[in-house]
Amino acid sequence: MGDMEKQPHILISRKESAEYAIIPGDPKRVKRIAGYLDDVRELAFNREYYSIRGKYKGVPVIALSTGIGGPSAAIAIEEMRAIGVRTILRIGSCGALQSGMSVGDLIISTGSVRDDGTTSTYVDKGYPAVPDLETTGILQQVCGKMGFRYHSGITRSHDSYYADTAEERTDYWHSRGILGEDLETSTLFVVAGLRGLRAGSILNIVVEWKGDVKEGIQDYVNDARQAACGEENEILAALETISELEARKN
């Protein structure tokens with residue numbers, strides 16, 4: 001592919017690319033990432049894929065939204081690989097599956113249950129959905145150093161919030177010790193593993209486990225503030241991890 005040829009969905013070319021990328025689901029989160037970068041330039045906005053390019057501590061970084069779910073995330077990952085991205089960090093939101101985990105806490109995924117459909121189109125279910133170990137270790141170190149409240153362990157990715165069996169499935173994985181659930185982490189880990197990319201996932205808890213959500217207007221306001229703080233923390237953790245990965249190359 002020529003340097004100027006844009007990918008069909010994300011509409012980014014190799015000339016506009018970077019080695020590192022951060023992928024939230026929500027396009028609005030890309031705008032919030034921009035506040036931490038220098039020399040920010042908007043690249044494209046097509047369908048759910050909104051992208052910018054900037055620098056963090058001198059390191060070029062792309063931020064690209066992937067929308068909701070595995071299929072659109074897989075498209076983004078494949079097209080980023082085609083333009084030269086080699087390290088992808090997901091910053092997302094999730095629901096907690098265990099008690100003692102609060103809104104605004106972070107989960108660093110050390111593996112993901114493949115309870116999704118997208119990864120099955122790539123490879124047999126026996127293939128593990130696991131992140132890059134070095135990247136995950138740095139995420140843990142950064143969160144500890146910066147004093148962010150975080151949990152590390154296995155998460156679950158699925159395909160529907162509204163399926164008739166959603167509550168039953170959530171209870172099942174709670175009983176197996178899974179920490180939280182989202183819709184995209186397993187897709188990132190599997191596609192990245194198959195394509196030779198480094199990947200990590202850090203998730204912001206926005207829904208607590210059953211019975212932990214308090215009623216009342218002030219409690220909802222506090223939860224919103226805590227979730228916003230968690231989002232800020234996961235952005236900083238991802239960017240600091242990228243900075244450290246780049247430093248280790250030198």
Side-chain angles (χ1 to χ4, degrees), residues 22-37 50 52 56 61 63-69 73 89-113 131 135-136 138-158 161-162 166-167 170-171 173-174 177-186 188 200-243:
I22 296 177
I23 55 169
D26 187 355
K28 293 180 181 177
R29 198 169 297 138
V30 173
K31 294 180 180 293
R32 291 191 279 274
I33 293 170
Y36 298 88
L37 303 178
Y50 175 60
I52 61 171
Y56 183 76
V61 179
L64 170 71
S65 61
T66 64
I68 297 176
L89 294 177
R90 166 163 162 72
I91 59 164
S93 56
C94 71
L97 291 188
Q98 303 298 325
S99 59
M101 305 172 76
S102 302
V103 170
D105 285 5
L106 305 178
I107 298 177
I108 298 172
S109 180
T110 59
S112 180
V113 175
T135 301
T136 302
I138 295 173
L139 278 170
Q140 294 167 335
Q141 293 168 13
V142 166
C143 285
K145 181 179 180 180
M146 301 186 81
F148 300 156
R149 182 176 163 87
Y150 76 96
H151 314 266
S152 288
I154 301 172
T155 57
R156 169 199 176 224
S157 294
H158 62 101
Y161 295 122
Y162 303 115
E167 185 174 358
T170 295
D171 288 345
W173 290 112
H174 160 77
I178 302 305
L179 295 189
E181 57 185 12
D182 73 341
L183 276 70
E184 297 86 10
T185 292
S186 61
L188 170 61
S201 179
I202 182 167
L203 306 171
N204 175 30
I205 294 175
V206 296
V207 178
E208 295 179 357
W209 181 238
K210 295 177 182 178
D212 293 340
V213 179
K214 298 179 180 179
E215 302 293 333
I217 295 174
Q218 189 58 49
D219 291 319
Y220 286 126
V221 171
N222 289 339
D223 279 353
R225 290 173 180 166
Q226 290 167 356
C229 182
E231 180 181 276
E232 177 182 344
N233 291 347
E234 68 177 348
I235 291 171
L236 285 169
L239 289 170
E240 284 292 322
T241 296
I242 287 171
S243 177

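Predicted model only: the values in this text are computed from it and were never measured.
- Side-chain atoms of R156 and T170, non-hydrogen and from C-beta on, do get closer than 4.5 Å to each other.
- Counting all heavy atoms, side chain and backbone alike, N233 lies closest to L106 at CB-CD1, 4.0 Å.
- The side-chain contact (heavy atoms from CB on, under 4.5 Å) search around Q141 returns R248, not counting sequence neighbours.
- D182 is linked by a side chain to side chain donor-acceptor pair (under 3.5 Å) to R90, S157, T185, counting only residues two or more places apart in sequence or in another chain.
- The side-chain heavy atoms of Y56 and I242, taken from C-beta on, include no pair separated by under 4.5 Å.
- The CD atom of E181 sits 11.5 Å away from the OG atom of S186 when rounded to the nearest 0.5 Å.
- Remark: the backbone N or O of I91 is not paired with any side-chain donor or acceptor of N204 at under 3.5 angstrom.
- To the nearest 0.5 Å, atom CG of residue L236 and atom CZ of residue F148 are 5.0 Å apart.
- Annotation: the span from T135 atom OG1 to I108 atom CD1 amounts to 11.5 Å, rounded to 0.5 Å.
- For C94 against I107, the heavy-atom pair with the smallest separation is SG-CD1, 3.8 Å.
- You'll find the side chain of T110 reaches within 4.5 Å of the side chain of I154, heavy atoms only.
- Annotation for S201 and L139: closest pair N-CD1, 4.3 Å, computed over non-hydrogen atoms.
- Every residue two or more places apart in sequence or in another chain was checked for a salt bridge (Lys or Arg N to Asp or Glu O under 4.0 Å) with E234, and none qualifies.
- Heavy atoms only, all atoms of each residue included: E208 and V103 are closest at OE2-N, 3.1 Å.
- Considering CD1 of I22 and CG of L239, their distance stands at 4.0 Å, rounded to 0.5 Å.
- Considering only heavy atoms from C-beta on, L97 comes within 4.5 Å of W209 through its side chain.
- With rounding to the nearest 0.5 angstrom, the CD atom of Q98 is 10.5 Å from the NE2 atom of H151.
- Counting only heavy atoms from C-beta outward, the side chains of V30 and P24 approach each other to under 4.5 Å.
- For D105, the salt bridge (Lys or Arg N to Asp or Glu O under 4.0 Å) test picks out R149, with sequence neighbours left out.
- Residues that satisfy the side chain to side chain donor-acceptor pair (under 3.5 Å) test with T155, not counting sequence neighbours, are S109.
- Side chains of E232 and Y36 form a contact here, defined as non-hydrogen atoms less than 4.5 Å apart.
- Note that OG1 of T136 and CG of L89 are 8.5 Å apart. Values are rounded to the nearest 0.5 Å.
- Judged as a salt bridge (Lys or Arg N to Asp or Glu O under 4.0 Å), and not counting sequence neighbours, the contacts of E231 are R29, R32.
- Remark: side-chain polar atoms of E184 are not paired, donor with acceptor, to backbone N or O of I68 under 3.5 angstrom.
- Taking each heavy atom of I52 and A34 in turn, the nearest pair found is CD1-CB, 3.6 Å.
- In terms of heavy atoms, A166 sits closest to Y161 at CB-O, 4.0 Å.
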